Amino acid sequence: MGNFGIWVLTICLIFQSGYGFYLPGSYPLKHVVGNSLSVKVNSLTSIDTEMPFSYYSLPFCKPLEGVKDSAENLGELLMGDRIENSPYKFKMYTNESDIFLCQTGKLSSGDFKLLTKRIDEMYQVNLILDNLPAIRYTMKEGFMLRWTGYPIGVKIQDAYYLFNHLKFKVLVHKYEEPDVARVMGTGDGVEAIPSVGNKGSDVPGYMVVGFEVVPCSVKHDGNLVKKLKMYEKYPSPIKCEPTTVSMPIKEGEPIVFTYEVTFEESDIKWPSRWDAYLKMEGAKVHWFSILNSLMVITFLAGIVLVIFLRTVRRDLTRYEELDKEAQAMVNEELSGWKLVVGDVFRAPSNPALLCIMVGDGVQILGMAIVTILFAALGFMSPASRGTLITGMMFFYMILGIAAGYVAVRLWRTIGFGDHKGWVSVAWKAACFFPGIAFSILTILNFLLWGSHSTGAIPFSLFVILLLLWFCISVPLTLIGGYFGAKASHIEYPVRTNQIPREIPTQKYPSWLLVLGAGTLPFGTLFIELFFIMSSIWMGRVYYVFGFLFIVLILLVVVCAEVSLVLTYMHLCVEDWKWWWKSFFASGSVAIYIFLYSVNYLIFDLKSLSGPVSATLYLGYSLSMVLAIMFATGTVGFLSSFWFVHYLFSSVKLD
């Protein structure tokens with residue numbers, strides 16, 4: 001079993017490294033010279049507001065055939081992606097320059113204000129060719145920086161300048177076998193046609209392996225383009241100087257858009273074409289900090305475990321070596337955990353709520369482990385937009401069976417095998433966490449609707465989410481609850497006294513220790529948390545799922561150990577109310593994650609503007625923190641329950 005675990009981790013590390021392994025979900029399109037290539041546009045995005053807007057909400061050129069939505073999955077819609085067709089069209093391996101796109105109408109007062117507002121808010125245009133986002137390179141202090149997309153414009157002193165000329169560079173890789181399937185058609189309607197006829201007459205195909213853009217602000221003469229149609233050649237040569245701007249935006253004046261494209265053959269092979277996007281800045285710091293964190297936490301956890309096991313074993317061994325008479329004498333002078341034998345399995349306060357939270361925690365933890373494992377194995381690469389969110393929702397719904405089973409079986413165990421009320425517990429487990437998350441999502445969605453953002457979930461998608469919840473997730477949870485009700489409950493090794501034992505006065509509040517216990521699990525997570533937060537809020541691509549999987553497993557181990565130690569400490573001071581404390585001992589890591597989120601908002605997202613953006617950030621952070629609390633709390637509770645059951649099964653006490 002140990003060898004199997006090592007193999008799994010090795011495979012994860014190999015696959016997550018981003019050096020060219022792709023499983024089904026994205027496949028190469030081979031184009032012959034002259035084939036039409038269509039550029040698509042995604043939502044306008046900004047790290048200043050975190051609210052995406054439609055590309056065509058601004059006065060840009062529209063395609064002749066009209067604006068059409070591309071095929072989207074559930075994950076893309078939830079992430080606020082709105083992928084649409086654009087007027088930018090190329091011909092494979094055909095260099096073109098000075099292409100006229102369109103001249104807009106005279107800028108109205110509303111369009112002018114909106115355009116300048118979006119420039120102030122640092123909005124980026126996101127273009128896509130053959131599923132590759134447009135990448136932009138800039139030099140800063142001798143370092144080459146990579147960006148996805150390009151800014152709408154720039155403000156210099158009191159004037160606003162628009163980037164109205166785009167210089168594209170498409171990197172292509174020659175397909176080595178000219179007598180295999182070629183792609184006929186464009187866009188989503190591509191069709192693979194097997195080659196026929198003489199092999200010598202076949203034209204080799206090319207694959208798109210890179211898509212770069214250089215935005216320029218060029219002053220065009222409106223009189224020269226009055227009679228020009230889209231895609232005709234601009235009358236005079238266009239000089240694209242990225243370091244200078246010359247197209248100021250003025251109210252009541254039209255804007256002329258142009259572009260040029262060059263093709264360049266590249267040694268980059270198709271499976272490695274995402275490497276340029278996955279090369280995160282400060283990669284060495286990332287690797288070393290993660291490894292350092294893993295080593296330190298493993299070392300601490302090892303020490304805690306060794307001390308803890310030696311203490312308990314010595315306690316048990318010393319007691320079991322005594323004969324019955326001596327045991328009877330010792331019972332007179334019992335101290336510590338042995339005194340609470342008649343109360344240790346007394347039902348906690350709010351037992352139904354505990355069962356529901358543990359059931360939901362099992363569901364969330366299972367979803368996280370399975371999703372991250374699949375992502376580490378390459379099934380959810382960044383090339384497939386939205387698959388991560390879609391996968392998370394799918395696994396969450398399926399694991400409703402586990403939530404119902406655990407919640408109901410724990411409910412029956414606390415009730416000494418009583419079946420009464422199991423349907424209610426299963427129903428509440430199906431609705432508790434999803435209900436909280438859905439309420440937060442609805443409130444945030446009203447804010448996005450009010451801002452006319454594409455991040456707002458359409459009403460039709462709301463209906464779909466509700467149907468998925470009540471037609472799939474809830475029935476599966478009830479089925480799990482049914483199996484939990486049929487399964488035998490866990491028998492307690494000792495009897496519970498009728499009269500509860502008084503808990504001695506403690507020198508310090510026990511909840512203080514519980515809250516402080518969350519610092520150790522937080523230590524395993526906080527470095528990885530920075531990269532995850534940067535991915536979500538700073539528009540960076542997160543791809544080291546192999547490391548994330550290791551960190552998650554380590555987090556589970558540390559949560560279990562921390563909760564075990566705290567439960568033992570509470571029992572030693574005759575505090576038998578361990579149920580909720582074991583849950584929050586590891587679940588309190590969520591408090592530190594939320595504080596870290598607030599710290600990140602203040603110091604790393606300084607540019608975040610407006611109360612709506614801050615509310616969105618805090619709302620999404622709260623949802624994430626609640627999910628983490630449920631998952632980590634469940635690990636702590638289940639490990640403590642197993643430990644207490646094992647401890648009192650190991651020694652006979654009357």
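Everything numeric here is computed off the predicted structure, so don't read it as measured data.
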Note to self: Just so I know, are the side chains of Ile255 and Met247 near enough to count as touching, which here means a heavy-atom distance under 4.5 Å?
What the structure shows: yes
Notebook entry, point to check: Do you know which two heavy atoms are closest between Pro52 and Thr45, and how far apart they sit?
Noted result: CB-CG2, 4.4 Å
Next item on the list: Would you please name every residue forming a side-chain hydrogen bond (donor to acceptor under 3.5 Å, both in side chains) with Tyr617, sequence neighbours left out?
Entry: none
Note to self: Checking side-chain polar atoms at under 3.5 Å, does Ser217 have a donor or acceptor matched by the opposite partner on Ser246?
What the structure shows: no
Item checked: Side chain to side chain, Asp120 and Lys117, heavy atoms closer than 4.5 Å -> no
Item checked: Short N-O contact, Lys169 and Glu264, less than 4.0 angstrom -> yes
Note to self: Between Lys89 and Glu65 (salt bridge meaning N to carboxylate O under 4.0 Å), is one present in this structure?
What the structure shows: yes
Item checked: Side chain proximity check, Val209 to Ser272, heavy atoms < 4.5 angstrom -> no
Check: Thinking salt bridges, do Arg118 and Glu121 make one under a 4.0 Å N-O criterion?
Finding: yes
Check: Going by the angle between their ring planes, with limits at 30° and 60°, are Phe530 and Tyr600 parallel, tilted or perpendicular?
Finding: perpendicular
Notebook entry, point to check: Looking at Gln103, Lys167, His165, Lys233, which hits side chain to side chain donor-acceptor pair (under 3.5 Å) with Thr258?
Noted result: His165
Checklist line | Plane angle bin for Phe263 and Phe90 - parallel if under 30°, tilted between 30 and 60°, otherwise perpendicular | finding: perpendicular
Notebook entry, point to check: Which residues pass the salt bridge (Lys or Arg N to Asp or Glu O under 4.0 Å) test with Arg136, sequence neighbours left out?
Noted result: none
Note to self: Tell me whether the rings of Tyr93 and Tyr206 are parallel (<30°), tilted (30 to 60°) or perpendicular (>60°).
What the structure shows: perpendicular
Item checked: Pairwise side-chain contact, Leu166 with Phe257, heavy-atom cut-off 4.5 Å (strictly under) -> no
Next item on the list: Report, as yes or no, whether the 6.0 Å neighbourhood of atom CG on Asp267 holds more than 12 heavy atoms from other residues, nucleotides or ligands.
Entry: no
Check: Taking the six-membered ring for Trp, are Tyr88 and Tyr259 ring centroids under 6.0 Å apart?
Finding: yes
Margin query: According to side-chain hydrogen bond (donor to acceptor under 3.5 Å, both in side chains), who are the partners of Thr138, at least two apart in sequence or on a separate chain?
Written below: Trp147
Check: Does Asp130 pair with Arg273 as a salt bridge, N-O distance under 4.0 Å?
Finding: yes
